[in-house]
Amino acid sequence: MLKKLLKKTFVYTLYKKHKKQKIESRLKGKHIFENRKKGSKILVLILAGYKDFCKDVVFERIKTFVPKEADVCIVSSGLYSEALSNLAKQNDWSYISCKRNNVCAAINIGINEFQDAELIFKLDEDIFVTKNYFSELLDVYSRCQEKNSLYEPAFVAPLIPINGFAHAVVLKKLGLMEKYAELFEPVRIQAGPHRQIENNPEVAKFMWGEGGYVMHIDDLDRYVHDMKKSMITCPIKFSIGAILFGRNIWKDMNYFDPGKGNGMGADEVQICGYAMINSKPIVVSENTCVGHLSFGKQNKTMESYFLEHKDRFEIKK
C-alpha cells in the first residue's frame, strides 16, 4: 500500500514538473532584443511588420499620444525589419524581432522582456490611436480596481468602429443605425466573418467616413470623450487589436499558448475564453474611440482606400 502511494506521489510530482516546464517554455524563443527600456510600469507593445503601407501614420499617432513615462516596444513576429528597428531607435523605443512567426509567442516574449511592466497596452499595426485612448483606458482600469467597482476585468478596451461589438455602440451614438441597416444589414452586437462589419469592404469605408456619415476618427474620439463618463461590458468575443490588461491576468492565464502555426487569432480566443471562464468581464470605455483599418476580407480593398484617402487616417489638426 505504501509502495503504491509513493509511486503515485512520484508520478504526480513528475506530471506537475512537466506541466510547469511546458508553461514556462511559452516564454522562450529565439529573438533579437534591441533594448531601450526605462523600467516603466506601463508597456505599449505593438505587433508590426506586415502592413508597411500604413506604418508612418500608425506610428506618428503612437508617437504623438503615448504617455511619456511608458515603455514602447515594437515586436515583429517571424521577421526582422530594418525600417522598424530604425523607427524604434529614432524614438528611443525598444524593438524585438522573433525568429518564429507566431503571434502568441511574440506577445509572451515581449512582455517577458519587460519585467517591471504591470500594465500592458497591446496594439496591432492597423490600429490608429487617438488623443484620449491611453489616458481613458488607464482611468477605466484604475476605476475597476476600486473596492466599490462592479467589475474585475480581464482587459479593457476602447470603442472601435470596425468591431463586432463596438460598431453597434458607435452607430447608436451617432444615430446611424437605420442608415446602416438600409445600406448594409440590421445592426447586431455580433462578431464573425458572416457579418458585414468583418467581411464587406464597403462597410469599412463607411466607418472611415465614406459618404460623410461617420466623422473623422479624431472628431469621434473627442465627441465620445465629451459625453458622461461610462463603461460597458462586452458580451461577445472582442477583437483585441487595442486593449489594456494587467500582468497578473497574463500570468493567471499561464501566458498565451503558442500552439502550432502562426497563432493568428489564438491570442484573442485565449484571452476572451479566459474572461468568460473566470467571470472577468471585458470592459469597454465609452469615452474614447480608436480606428481599426479592416478585417482580413476587407484588407486588400482597404489598403488601396488608405493610400487614396490618407487624410481620413492622419491626425486631424
Exercise. Test Trp208 against Phe128 for ring pair (Phe, Tyr, Trp, His ring centres under 6.0 Å), laying out the working first.
Key: CA-CA 11 Å; Trp208 276 107; Phe128 299 79; 5.4 Å; yes
Practice problem: May I ask you to decide whether Lys38 forms a salt bridge with Glu69, counting only side-chain N to carboxylate O separations under 4.0 Å? | Solution: no
Quiz item: Between atom CD of Glu152 and atom CG of Asn278, what is the distance when rounded to the nearest 0.5 Å?
Solution: 9.5 Å
Quiz item: For residues Asn132 and Thr288, is any side-chain donor paired with an opposing acceptor at under 3.5 Å?
Solution: no
Quiz item: Are the side chain of Gln270 and the backbone N or O of Asp257 linked by a donor-acceptor pair below 3.5 Å?
Solution: yes
Quiz item: After noting the C-alpha distance and the side-chain angles of Tyr95 and Ser76, does the key distance pass the side chain to side chain donor-acceptor pair (under 3.5 Å) rule?
Solution: CA-CA 8 Å; Tyr95 177 65; Ser76 295; 2.8 Å; yes
Self-check item: Distance-minimising heavy-atom pair for Val224 and Lys173
Solution: CG1-CD, 3.9 Å
Self-check item: Nearest heavy atoms of Leu47 and Ala106, plus distance in Å
Solution: CD2-CB, 4.3 Å
Quiz item: Just how far is it from atom CD of Gln190 to atom NE2 of His167, taken to the nearest 0.5 Å?
Solution: 9.0 Å
Practice problem: Compare all side-chain heavy atoms of Val72 with those of Ile46 and state whether any distance is below 4.5 angstrom. | Solution: yes
Exercise. Evaluate the side chain to side chain donor-acceptor pair (under 3.5 Å) criterion for residues Asn101 and Ser77: first the C-alpha distance (whole Å), next the side-chain angles of each, then the deciding distance (0.1 Å), finally the verdict.
Key: CA-CA 5 Å; Asn101 184 14; Ser77 177; 3.1 Å; yes
Self-check item: Within 6.0 angstrom of Glu178 CD, more than 12 heavy atoms from elsewhere
Solution: no
Self-check item: Full working for ring pair (Phe, Tyr, Trp, His ring centres under 6.0 Å) between Tyr213 and Tyr180
Solution: CA-CA 10 Å; Tyr213 298 104; Tyr180 183 92; over 10 Å; no
Quiz item: Under 4.5 Å between side-chain heavy atoms, hopping through other hydrophobics if needed: is there a path connecting Phe238 to Val269?
Solution: no
Practice problem: Output the distance between atom CG (Asp56) and atom NZ (Lys63), rounded to the nearest 0.5 Å. | Solution: 11.0 Å
Quiz item: Will you find, in the side chains of Glu24 and Tyr255, an N or O donor that is under 3.5 Å from an N or O acceptor?
Solution: no
Quiz item: Any side-chain heavy atom of Cys289 within less than 4.5 Å of one from Pro161?
Solution: yes
Quiz item: Will you find, in the side chains of Ser294 and Asn299, an N or O donor that is under 3.5 Å from an N or O acceptor?
Solution: yes
Practice problem: May I ask you to check whether Glu34 and Ser85 show a side-chain donor-acceptor distance below 3.5 Å? | Solution: yes
Quiz item: Can a salt bridge be assigned to the pair Lys316 and Asp219 using a cut-off of 4.0 Å between side-chain N and carboxylate O?
Solution: yes
Self-check item: SB check Lys237 Glu268 (cutoff 4.0 Å)
Solution: yes
Quiz item: Do Asn163 and His292 have side-chain N/O donor and acceptor atoms under 3.5 Å apart?
Solution: no
Practice problem: Kindly give the heavy-atom pair with the smallest separation between Pro153 and Ile249, and that separation in Å. | Solution: O-CD1, 3.9 Å
Quiz item: Between Lys51 and Phe53, is any pair of side-chain heavy atoms under 4.5 Å apart?
Solution: yes
Quiz item: Do the charged groups of Lys229 and Glu136 touch, with an N to O distance under 4.0 Å?
Solution: yes
Quiz item: Judged by modelled atom types alone, do Asp71 and Trp93 share a side-chain donor-acceptor pair under 3.5 Å?
Solution: no
Quiz item: Distance from Ile217 atom CD1 to Arg61 atom CZ, nearest 0.5 Å?
Solution: 7.5 Å
Quiz item: Say you draw a straight line from CD1 of Ile282 to CD1 of Ile240; how long is it, rounded to the nearest 0.5 Å?
Solution: 9.5 Å
Quiz item: Is it the case that Tyr151 and Thr233 place a side-chain donor and acceptor less than 3.5 Å from each other?
Solution: no
Exercise. State, yes or no, whether a side-chain contact exists between Cys98 and His31 at a heavy-atom distance under 4.5 Å.
Key: yes
Practice problem: Report, as yes or no, whether the 6.0 Å neighbourhood of atom CE on Met177 holds more than 12 heavy atoms from other residues, nucleotides or ligands. | Solution: yes
Quiz item: Heavy-atom distance under 4.5 Å between the side chains of Phe155 and Trp250, does that happen here?
Solution: no
Practice problem: Report yes if some heavy atom in the side chain of Ile315 is under 4.5 Å from a heavy atom in the side chain of Phe65; otherwise report no. | Solution: yes
Quiz item: Between Leu123 and Val44, is any pair of side-chain heavy atoms under 4.5 Å apart?
Solution: yes
Exercise. Looking only at non-hydrogen atoms, find the nearest pair between Ile162 and Phe295 and report the distance.
Key: O-CE1, 3.6 Å
Self-check item: Sub-4.5 Å side-chain heavy-atom contact between Phe245 and Ile111
Solution: yes
Exercise. Identify whether the distance between the nearest side-chain nitrogen and carboxylate oxygen of Glu185 and Arg195 falls below 4.0 Å.
Key: yes
Quiz prompt | Taking every non-hydrogen atom, the tightest pair across Ile189 and Ala168 | solution = CG1-CB, 3.8 Å
Quiz prompt | Sidechain N-carboxylate O distance under 4.0 Å for Lys41, Glu118 | solution = no
Quiz item: Any cation-pi pair here, Lys37 with Phe114, using under 6.0 Å and within 45°?
Solution: yes
Practice problem: Just do the salt bridge (Lys or Arg N to Asp or Glu O under 4.0 Å) check on Lys131 and Asp221 with the steps written out, would you? | Solution: CA-CA 7 Å; Lys131 181 180 179 180; Asp221 180 56; over 6 Å; no
Quiz item: At their closest point, which heavy atom of Met207 faces which heavy atom of Ile197, and how far apart are they?
Solution: CE-CD1, 4.1 Å
Quiz item: Can you tell me if Arg100 uses its side chain to pair, donor with acceptor, with the backbone of Lys30 under 3.5 Å?
Solution: no
Self-check item: Worked verdict on Phe184 versus Phe206 for ring pair (Phe, Tyr, Trp, His ring centres under 6.0 Å)
Solution: CA-CA 10 Å; Phe184 305 113; Phe206 175 88; 5.5 Å; yes
Quiz item: Does the pair Glu146/Arg143 count as a salt bridge with the N-to-O cut at 4.0 Å?
Solution: no
